[in-house]
Amino acid sequence: MKKLLSALLTLTLTLSLAALPASALELEEAKKLLAVNYVEGVAPEVLELDSLDAILEAIGDPYTFYMTAEQYQAFNQSVNGQTVVGIGATVETAFDGGYRIMSVLPDSPALEAGIRPGDILTAVNGEPLSAAVDPRVPIVGEEGTELTLTLNRDGQVIEVTLKRRAVAIPIVTYESRGSAGYIDCISFGQSTAGLVREAVEDMDDTTAVWIMDLRSNPGGDSNATASAASFFTGGGIMLYFRDGSGGYNYSYTLPTYPDLTDKPVIVLTSENSASGSELFAGDIRAYGAGIALGQRTFGKGTAQIIFDETNCPYMEGGEAMKITTYRFFAPDGATNHVVGVLPTLLISPENTEKAAMLLTQPKPSRAEGHFKLEIAGQTFYIDAKQAAGGENAAAFTELLEALPYASALYKGTGAVTWTVLAPEQAARELNLSFTPRTFADTADSPYGREIDLLGTYQIVSGYQDGGFHPEDGVTRAQFCAMVASALDLPAGKTNRFSDVPDGAWYAGAVNAMAEMGFVSGSEGRFNPEAAVSVQDMVSILARVAVWASMDSYDLDQELLTLEERETYSAYASWAQKSARCLDRLGVLLEDVSPADPGSRETAAAMLCRLMESTELIWD
């Protein structure tokens, strides 16, 4: 990977609070800031628009926006853990007709009213919200006054009435829970690293396993994130930034940075864990310091610089502008942008915390009555009686179902003896139900491991007979659906191809893949029902690799040598560079011809190997 001189950049990795209208900043000055700094570049016709609001709307980036002095002050409060008067909830930019609730603070009016992360705030006191309205304006008010919020929860309209009051933003809290050191972090701000250090130093002697709860953590400052993670990993490079020209900077902690613990850390994740919290998980993955447990995260892998009076002569009176300037990558070169972080153990929200707590037992003095789990280089112990107990049975069952292929489960059979045990056998011995995520017909497939691993992470599904049907053919539409599922792509814009009707089951996936630049059509058609060849799949997956990882991006900049053209001469000329990329990554299959039609098993095998090699699947 190309790594330039490091720079400790003041970047924010948080979700945006709102797409806010511009006011004091001069238009021409704003244009200069965007033209020089925006990571994707700004089209000339966009810069010719006659207002900053129009330019920002055309760019369509929810993380690039202007803030008045009052809005900038409120933004800093939300990240840095201060006391504010309001309802105690953080929101993301306009989303599905409203503002998505990202987190609900403890001891807050929002929590008491039953507001949940993921709810969509659509109106305040009966007045509908829009992307042009900062939701804090109608929500913040005099302490003790009432307001009514309208929310959309999974399609159901809910109204709640609550009273405003002062809410402390406890950026980090911690406690001992049995042999677990439990750290709850809601944001990465100025005080985060110091509080995490305090927690580890206070509790490490009595802790067997650390739990870092980052569920609904929307992110924060990159240096705060790097510092907090380094207490578990030791000093080193903590993230890479890539600008629009392909140049890299990186953020790091020094080799002398205190590595405060050698205990494994379990990072709890949710679909609302974003940006800095995804970076923290990526650091733990890259340095082999623990595992993640929960749901796939939000998928914000871009970083912003805030331009204010301290670093920009255009800004006056406390105003600021936040601009997306970089894509960021974990130390192992993997992106989390759009795709999020796929946890080591994919567990439902209702069982996440209980499943994690089951893994926090210290090493028992006697093996009998316990399970031992080896996963991602870590060893965890489980009390069998506790796991089978009524309140933990569902969580332990799901944990067993979520174990990936490379993990190893053992049963204690004596004082010090451990015997390998299949997860379904462990469930059977404890009289627990077990629904495998793997398939009934993959044992004879040369790619059974890869198919079942994708099944474990619920990326691919089978048929009603419980099989995957490995040898069945794959159409262009089906392959797009498989890759889009693996990357967790949101449905793309409609009317992209004349032969992809909006109502087709594959329309969202095909349009999303096209929007990302991974597939294209011809003369406005996609030909979705056509068979996809092996070299077609290679070409598509290579584009995914270039987008997903630093190594592949850098490799793509290299021209093919004559020797390489000969090596990959079985591929059409347009697929040879792609074949080289996937070969370097260990993705190419040796027993198939490039021109052969693809099958479900070859598609799954290459997709799985790609996700493993680019660290999109936790090793």
Side-chain angles (χ1 to χ4, degrees), residues 9-80 82 84 86 90-95 98-100 102 121 124 129-140 187 189 218-222 241 243-244 274-276 300 302-328:
L9 304 172
T10 305
L11 291 161
T12 59
L13 301 176
T14 53
L15 293 166
S16 67
L17 298 179
L20 305 176
S23 57
L25 182 64
E26 293 291 334
L27 179 59
E28 292 305 314
E29 294 170 345
K31 288 181 178 180
K32 291 177 184 177
L33 281 174
L34 290 166
V36 171
N37 296 288
Y38 189 64
V39 65
E40 301 292 344
V42 183
E45 59 270 21
V46 172
L47 290 175
E48 291 173 2
L49 296 174
D50 58 5
S51 74
L52 181 52
D53 290 343
I55 291 172
L56 294 176
E57 183 177 358
I59 290 174
D61 178 3
Y63 312 117
T64 296
F65 55 86
Y66 171 86
M67 290 178 279
T68 65
E70 293 77 12
Q71 291 159 349
Y72 187 31
Q73 182 181 15
F75 173 85
N76 284 326
Q77 286 178 332
S78 70
V79 171
N80 290 318
Q82 302 177 25
V84 295
T90 63
V91 299
E92 186 230 350
T93 193
F95 182 88
Y99 288 87
R100 179 175 179 150
M102 295 300 293
L121 176 63
V124 179
L129 296 174
S130 70
V133 175
D134 180 356
R136 289 167 301 192
V137 173
I139 288 177
V140 173
S187 179
D221 179 74
S222 61
F241 300 103
D243 61 26
S275 200
K300 180 185 179 289
T302 58
Q304 290 70 40
I305 289 180
I306 293 181
F307 294 91
D308 58 18
E309 291 175 304
T310 67
N311 61 1
C312 179
Y314 305 150
M315 298 298 175
E316 299 177 355
E319 64 181 342
M321 190 167 179
K322 187 163 171 266
I323 299 177
T324 298
T325 47
Y326 298 91
R327 279 189 66 190
F328 69 79

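Heavy atoms only: backbone and side chains are in, while hydrogens, waters and symmetry mates are out. One-based numbering along the sequence shown.
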> Can you list the steps and then say if T68 with E319 is a side chain to side chain donor-acceptor pair (under 3.5 Å)?
Replying inline: CA-CA 5 Å; T68 65; E319 64 181 342; over 6 Å; no
> Are M321 and Y314 close enough, and set up right, to give a side chain to side chain contact (heavy atoms under 4.5 Å, CB included), and what steps lead you there?
Replying inline: CA-CA 10 Å; M321 190 167 179; Y314 305 150; over 6 Å; no
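Counting all heavy atoms, side chain and backbone alike, G318 lies closest to Y72 at O-CD2, 3.4 Å. Residues I305 and Y326 approach most closely at CD1-CE1, 4.1 Å, considering heavy atoms. Scanning all heavy atoms of the two residues, the minimum distance from F307 to C312 falls at CB-CB, 4.0 Å.
Distance alone, capped at 3.5 Å, places no donor-acceptor pair between the T302 side chain and the F328 backbone. Using a distance-only test at 3.5 Å, with no hydrogens or angles considered, a donor-acceptor pair links the side chain of E309 to the main chain of G317.
Between Q304 and I323 there is no side-chain heavy-atom pair separated by less than 4.5 Å.
Every residue two or more places apart in sequence or in another chain that forms a side chain to side chain donor-acceptor pair (under 3.5 Å) with D243 is listed here: S245. A54 meets the side-chain contact (heavy atoms from CB on, under 4.5 Å) test with L49, S51; sequence neighbours excluded.
Note on E28 versus K31: salt bridge recorded, some NZ/NE/NH1/NH2 to OD/OE distance being below 4.0 Å.
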Side-chain donor-acceptor distances from residues 34-48 under 3.5 Å, at least two apart:
from, atom 1, to, atom 2, distance (Å)
N37, ND2, L33, O, 2.8
Y38, OH, D61, OD2, 3.2

